[in-house]
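Working notes, structure below.
A, B, ... follow the sequence lines: proteins, then strands. Residue 1 opens every chain. Only heavy atoms go into these numbers, but all of them, side chains included; no hydrogens, no water, no symmetry mates.
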Amino acid sequence: MTELAKSFEPLEIEGQWYERWADAGTFKPSMATDQPAYCIQLPPPNVTGTLHMGHAFNQTIMDGLIRYHRMKGDNTLWLPGTDHAGIATQIVVERQLADQGVSRHDLGRAGFVEKVWEWKKHSGSTITGQMKRLGSSCDWSREYFTMDDNLSQTVTEVFVRLYEENLIYRGKRLVNWDPVLGTAVSDLEVVSEEEDGSLWHIRYPLVETDAVKGLTHLVVATTRPETMLGDVAVMVHPEDERYQHLIGKSVTLPLCNRQIPIIADDYVDKEFGTGVVKVTPAHDFNDYAVGQRHGLAQISILTLDAKINEESPEKYQGQDRFAARKAVVADLEAEGFLESVKPHKLMVPRGDRTGAVIEPMLTDQWFVAMSKADEKTGKSITQKAKDVVSSGEVKFYPEQWVNTYNQWLNNIQDWCISRQLWWGHQIPAWYGEAGEIFVAQTEAAAYEKAKAAGYKGTLKRDEDVLDTWFSAALFPFSTVGWPKETPEFNAFLPSSVLVTGFDIIFFWVARMIMMTTHFTGKVPFKDVYVHGLVRDAEGKKMSKSEGNTLDPVDLIDGIPLPELLKKRTTGLRRPEKAPQIATKTEKEFPEGIPAYGADALRFTFASLASLGRSINFDQKRCQGYRNFCNKLWNATRFVLMNTQDKDCGVNVQAIVELSFVDRWIISRLQELEAHVATHFDNYRFDLAAQALYEFVWSDYCDWYLELTKVQLQQGNEAVQRGTRRTLLRVLEVVLRLMHPIMPFITEELWQTVAPLAGRKLTEFIAQASWPLPDASRLDQKSVAAMEQFQALINACRTLRSDMQLSPAQKVPLIVKGDEALLKEWAPYLMPLAKISELNVVEELPVTQAPVQHLGTMSFMLHIELDPVKEQQRIEGELAKIEPELARLIGQLGNPQFVERAPAHLVEQSKARVIVLEEKRAAFLKQKEQSLSI
RNA sequence: GGGUGCUUAGCUCAGUUGGUAGAGCACUGCCCUUACAAGGCAUAGGUCAGGAGUUCGAGUCUCUUAGCACCCACCA
């Protein structure tokens with residue numbers, strides 16, 4: 001006989017189960033082809049990363065789905081992996097090297113990449129270890145890393161194919177350049193924020209004085225005066241009367257003494273600034289487009305680390321862009337070209353990883369042609385991606401995200417996929433000495449191609465690597481064996497659902513859909529479940545610099561305040577914020593964080609998983625669900641106490657008698673089973689969690705358990721057996737229903753409960769079958785009886801409470817009503833409503849005792865009390881009845897309602913009126929009588 | 001400039017084809033009743049952001065106003 005601890009201690013039970021499940025092969029797909037396949041791809045976390053709240057939330061959802069489908073008997077796979085995360089990882093390792101005074105250039109490319117691999121081996125498994133603490137049941141035997149040989153081969157394969165299809169090209173384009181990292185980044189990796197800057201008005205002297213209006217110069221407005229060194233024109237709106245006559249003339253570019261033309265382009269907004277715009281094609285995206293339209297030169301003025309280059313006036317050469325700005329402004333002022341400086345708010349683009357101001361830079365890069373039709377289908381990859389969503393092959397939950405998705409695809413630019421980094425998939429392109437390009441899987445193959453093209457010299461491989469999101473776009477098929485048609489490819493592509501935050505719809509979701517449909521003709525996944533971002537209790541975004549992050553593991557294990565303070569205040573980008581963060585933390589967590597356990601944390605996430613945009617994580621919620629775990633724990637203790645070593649009517653053909661109470665809880669259980677499954681199917685974890693919470697706490701614990709005490713004490717053998725069996729079986733089923741959300745506690749309890757319930761058919765609950773509702777076990781009569789019974793108990797309790805009776809004081813109850821029914825209820829009624837004796841009568845006696853009316857029943861607690869108090873109570877009851885009655889009578893008096901509303905609603909209202917009128921009459925009568933005493 | 005959400009009890013949020021407003025937490029009162037004080041029982045608290053419309057009936061559908069949040073693009 002095992003005895004459970006007196007209260008739920010998560011840390012004591014969570015330890016062993018994960019390893020045991022994994023060792024038993026529980027997490028592996030059955031690969032049974034006669035079962036439906038269910039597959040989720042884990043969005044691979046950065047190999048450098050640690051588990052944050054977003055992961056924990058995300059994985060709670062995925063693990064819930066996976067465990068649910070596994071229990072349903074599906075061929076279920078949760079495929080894990082980690083991402084090499086090019087930029088992020090390179091930054092981390094470079095920083096570590098910098099601490100030792102070493103730069104990556106000291107090591108050279110090969111040496112540096114080796115260092116990264118070393119670092120990956122050393123700390124790469126942090127996050128997977130944390131995932132296991134959470135209970136995430138991935139099939140680790142299939143874990144991949146995006147730089148594994150087979151995946152890398154797929155990347156090159158895809159690159160080569162796209163190149164051969166003319167969907168990848170190389171060219172000199174203006175791209176977003178991060179001068180700190182020294183690499184191009186894609187549009188998505190640039191975030192613009194409004195910052196304070198200035199608008200400088202600069203005079204550009206006209207070469208010939210204006211004969212019409214006598215102007216000697218034009219004034220241009222700019223937020224980036226240093227870029228004037230690269231100006232190749234000034235432009236005005238073609239219909240701008242102020243300047244129209246000057247179009248085709250020239251101005252002299254100050255400081256450079258170049259003459260540049262005045263051109264017309266309707267891109268110019270006449271209302272903004274002076275209506276005259278400088279044109280710098282090499283350093284501004286709009287100017288670049290203007291330059292293309294007008295066939296202008298592109299004068300680059302910056303080196304790749306954002307210093308003024310050698311083509312610019314000597315004076316500024318080598319100066320950093322910000323220093324150069326000051327110098328240029330100072331010189332303009334000194335030479336009388338500066339007309340004014342005004343404060344101006346502008347959007348400054350910054351790299352999302354470095355925070356460095358992004359510089360549009362003319363460089364050679366590789367691009368994916370997003371809008372170019374391929375030869376086979378005549379459709380662009382963008383079009384294909386739109387088609388599968390509009391056809392419903394890929395469904396978004398919630399649906400509204402389709403808008404966002406389409407809107408982005410409709411305005412898409414070609415994707416810059418080359419990065420000037422060392423960590424990542426090196427681009428499989430080789431160059432001949434005269435710039436010939438040979439794209440091939442391997443160097444040998446490149447030489448072959450070169451030879452075939454008549455090139456005999458040496459080849460040099462492209463130094464650049466691919467954007468991490470390029471390889472990420474291929475996961476749905478690269479991880480299941482493509483281009484081979486493996487069993488996994490057939491079973492798990494498309495996967496069942498992608499669970500992800502909306503923040504990476506563009507980065508990842510859209511690109512996976514593009515690449516997968518293009519290469520395999522299949523969609524990558526059937527559903528996309530888009531959830532919100534986890535925020536702190538106040539709804540603020542969690543960020544290290546704000547010091548409001550929570551570590552999921554700290555919520556599981558608990559953390560004392562000093563440690564939490566240390567965690568939140570060390571390694572800050574702005575250390576001066578530390579005291580403020582410390583104060584806030586102390587206020588929010590005066591005693592640190594207690595150990596809530598993985599189950600409570602998961603249940604919290606599940607209950608917060610509504611379909612909104614953000615999830616505010618309040619630890620109080622977590623505490624509430626830890627209490628819920630404790631409730632379940634103690635309910636199980638109660639059940640075990642009453643069933644272990646006793647005849648539970650499970651194994652033998654014993655005679656078993658079920659009361660209306662037993663039948664009621666069994667009926668409720670059937671409903672619960674149906675609801676929970678529906679909620680899982682609809683990705684409504686919040687509703688599933690709520691249904692489980694309510695059933696366990698209210699129905700099972702508050703009502704059923706209390707009522708079984710009566711049956712166990714007073715019932716005959718058959719009733720006791722029936723009670724024990726029902727207690728066990730309901731609990732056993734509930735444990736299975738909760739297992740997808742709370743794997744640990746349910747496993748722990750199930751191990752003891754299931755054998756008693758005669759249901760231990762598998763070693764672990766993790767392998768047990770999903771409970772299915774059985775309509776034949778629904779007993780509406782018992783459900784209705786229970787409803788009435790509960791109403792009676794509640795009414796008695798309310799009376800007692802209103803009369804301020806001590807719970808210890810038992811009083812007689814006098815009832816007018818169905819005698820047979822009341823006799824059946826009496827044994828339950830007496831302890832629950834603290835009744836000393838029950839008298840069924842024809843008419844209630846006329847006294848001052850409190851009376852209540854319920855349907856056709858009237859009853860009174862036989863106590864003496866203050867008549868004034870009772871009068872007040874009656875008035876209160878009447879005051880509650882009147883407005884509802886008035887509303888209903890009004891409704892029924894409206895012929896249009898009676899005519900047009902559904903018949904059952906009209907009947908319902910009529911019935912309710914009768915009930916209320918009887919109740920009112922009874923109270924009025926009572927009021928009269930008591931006054932007459 | 002284009003787009004998308006949100007506004008319901010003190011707080012955080014549910015509310016599924018329109019049919020008498022719900023939960024958790026917090027609050028109040030009474031209880032150490034042998035599963036659980038991480039608990040039990042019972043209260044209290046909302047003109048569903050404002051306005052208009054459709055309807056017998058609107059938190060729910062339409063329009064509109066205000067506030068908030070977010071996404072995309074961007075004026076030099």
Original post:
Base, sugar-phosphate alone, or nothing: which one does Phe506(A) contact when heavy atoms must sit under 4.0 Å apart?
Top reply: sugar-phosphate

Original post:
Is Arg887(A) touching bases, backbone alone, or none of the nucleic acid, heavy atoms closer than 4.0 Å?
Top reply: base

Original post:
Taking atom C1' of A35(B) as reference, at what distance in whole Å does atom CD1 of Ile745(A) sit?
Top reply: 13 Å

Subject >> Short side-chain N/O contact from Lys709(A) to OP1 or OP2 of A35(B), under 4.0 Å >> reply: yes

**OP:** Using the C1' atom as the reference point in each nucleotide, state the distance between C11(B) and C74(B) in Å, no decimals.
**Re:** 39 Å

Original post:
So, is Trp697(A) close to the G40(B) phosphate, meaning a side-chain N or O under 4.0 Å from OP1 or OP2?
Top reply: yes

Original post:
Atom CD of Glu194(A) to atom P of G1(B): distance rounded to whole Å?
Top reply: 14 Å

**OP:** Report yes if the distance between the aromatic ring centroids of Phe685(A) and Phe605(A) is under 6.0 Å, otherwise no.
**Re:** no

**OP:** May I have the step-by-step check of side-chain hydrogen bond (donor to acceptor under 3.5 Å, both in side chains) for Asp686(A) and Ser607(A), ending in yes or no?
**Re:** CA-CA 4 Å; Asp686(A) 54 331; Ser607(A) 72; over 6 Å; no

**OP:** List the steps, then state whether side-chain hydrogen bond (donor to acceptor under 3.5 Å, both in side chains) holds for Ser7(A) with Glu9(A).
**Re:** CA-CA 6 Å; Ser7(A) 64; Glu9(A) 300 298 340; 3.2 Å; yes

Original post:
Whole Å only: how far is the CG atom of Asn627(A) from the P atom of G39(B)?
Top reply: 4 Å

Original post:
Of the candidate nucleotides A38(B), G24(B), G5(B), which contains the atom at the shortest distance from the side chain of Gln400(A)?
Top reply: G5(B)

Subject >> Rounded distance in Å - CD (Gln619(A)) to P (A26(B)) >> reply: 12 Å

Original post:
Under 4.0 Å: is that the gap between some side-chain N or O of His344(A) and OP1 or OP2 of A76(B)?
Top reply: yes

Subject >> Contact under 4.0 Å: Arg797(A) side-chain N or O vs A42(B) OP1/OP2 >> reply: yes

Original post:
Side-chain contact, heavy-atom cut-off 4.5 Å: Phe789(A) with Leu707(A)?
Top reply: yes

Subject >> Closest to the Lys631(A) side chain, choosing from G39(B), A14(B), G19(B) >> reply: G39(B)

Original post:
So what does Pro831(A) hit on the nucleic acid, given a heavy-atom distance under 4.0 Å: a base, only sugar-phosphate, or nothing?
Top reply: nothing

Original post:
When the aromatic ring centroids of Tyr625(A) and Tyr693(A) are compared, is their separation below 6.0 Å?
Top reply: yes

Original post:
Base, sugar-phosphate, or nothing: which does Asn616(A) touch, judged by heavy atoms less than 4.0 Å apart?
Top reply: sugar-phosphate

Original post:
Below 4.0 angstrom from OP1 or OP2 of C41(B), is there any side-chain N or O of Thr798(A)?
Top reply: no

Original post:
Of all the nucleotides listed (C41(B), U4(B), C74(B)), which has the minimum atom distance to the side chain of Asp702(A)?
Top reply: C41(B)

Subject >> Candidates U4(B), A76(B), A35(B) - which lies nearest the side chain of Met641(A) >> reply: A35(B)

**OP:** Sort out the partner of C68(B) for me: Watson-Crick or G-U wobble, both distances under 3.5 Å, none otherwise.
**Re:** G5(B)

Original post:
For Cys629(A), which contact category applies under a 4.0 Å heavy-atom criterion: base, sugar-phosphate, or nothing?
Top reply: nothing

Original post:
Looking across every strand, which nucleic acid part, if any, lies under 4.0 Å from Lys270(A) by heavy atom: base, sugar-phosphate, or nothing?
Top reply: nothing

Original post:
So what does Glu899(A) hit on the nucleic acid, given a heavy-atom distance under 4.0 Å: a base, only sugar-phosphate, or nothing?
Top reply: nothing

Original post:
Which comes earlier along RNA chain B counting from the 5' end, the contact point of Ser801(A) or that of Pro10(A), where each point is its nearest nucleotide?
Top reply: Pro10(A)

Original post:
What does Asp802(A) touch in the nucleic acid at a heavy-atom separation under 4.0 angstrom: a base, only the sugar-phosphate, or nothing?
Top reply: nothing

Original post:
With rounding to whole Å, what would you report as the distance between G18(B) and U60(B) at their P atoms?
Top reply: 11 Å

Original post:
How far, in whole Å, is G45(B) from C32(B) if one measures between their C1' atoms?
Top reply: 29 Å

Original post:
Rounding to a whole Å, what distance do you find between Leu601(A):CG and A38(B):P?
Top reply: 21 Å

**OP:** Take the angle between the ring planes of Phe57(A) and His531(A) and call it parallel below 30°, perpendicular above 60°, tilted in between.
**Re:** perpendicular

Subject >> Any Asn630(A) side-chain nitrogen or oxygen under 4.0 Å from OP1 or OP2 of G39(B) >> reply: no

**OP:** Mind checking Ile505(A) for me? I need base, sugar-phosphate or nothing, with any heavy atom below 4.0 Å counting as a touch.
**Re:** nothing

Original post:
Which part of the nucleic acid does Arg684(A) contact within heavy-atom distance under 4.0 Å: base, sugar-phosphate only, or nothing?
Top reply: sugar-phosphate

**OP:** On the 0 to 90° scale, with breaks at 30° and 60°, tag the Phe506(A)-Trp408(A) ring pair as parallel, tilted or perpendicular.
**Re:** parallel

Subject >> Closest listed nucleotide, where the reference is the side chain of Gln407(A) and the choices are G3(B), A14(B), C36(B) >> reply: G3(B)

**OP:** Let me see the working for Val328(A) and Met228(A) under side chain to side chain contact (heavy atoms under 4.5 Å, CB included), right down to the final yes or no.
**Re:** CA-CA 9 Å; Val328(A) 164; Met228(A) 68 172 289; 3.9 Å; yes

Subject >> Same-atom distance (C1') from A9(B) to U43(B), integer angstrom >> reply: 15 Å

Original post:
Between atom CG in Asn634(A) and atom C1' in G39(B), what is the gap in whole Å?
Top reply: 9 Å

Original post:
Pick the nucleotide of RNA chain B nearest each of Leu346(A) and Ser7(A); which residue has the one closer to the 5' end?
Top reply: Ser7(A)

Original post:
Angle class for the Tyr683(A)/Tyr529(A) ring planes (parallel below 30°, perpendicular above 60°, tilted otherwise)?
Top reply: tilted

Original post:
With a non-hydrogen cut-off below 4.0 angstrom, is Lys6(A) in contact with a base, only sugar-phosphate, or nothing?
Top reply: sugar-phosphate

Original post:
NA contact type, Asn894(A), heavy-atom cut-off 4.0 Å: base, sugar-phosphate, or nothing?
Top reply: sugar-phosphate

Subject >> Whole-Å gap separating C1' (U20(B)) and CD (Glu884(A)) >> reply: 6 Å

Subject >> Whole-Å C1' distance, A38(B) and A14(B) >> reply: 24 Å

**OP:** Please report, rounded to the nearest Å, how far the C1' atom of A44(B) is from the NZ atom of Lys880(A).
**Re:** 11 Å

Original post:
Checking all strands, does Val268(A) fall into the base, sugar-phosphate, or nothing category for heavy-atom contacts under 4.0 angstrom?
Top reply: base

**OP:** Considering only atom P, compute the distance from C25(B) to G40(B) and round it to an integer number of Å.
**Re:** 9 Å

Original post:
Taking the same atom, C1', in G46(B) and in C13(B), what whole-Å distance lies between them?
Top reply: 14 Å

**OP:** Tell me which nucleotide among C30(B), A38(B), C74(B) gets nearest to the side chain of Met347(A).
**Re:** C74(B)

**OP:** Under 4.0 Å between any heavy atoms, over every strand shown, what does Asn682(A) touch: base, sugar-phosphate, or nothing? Just pick one.
**Re:** nothing

**OP:** Provide the distance between the two C1' atoms, one in A49(B) and one in U7(B), to the nearest whole Å.
**Re:** 6 Å

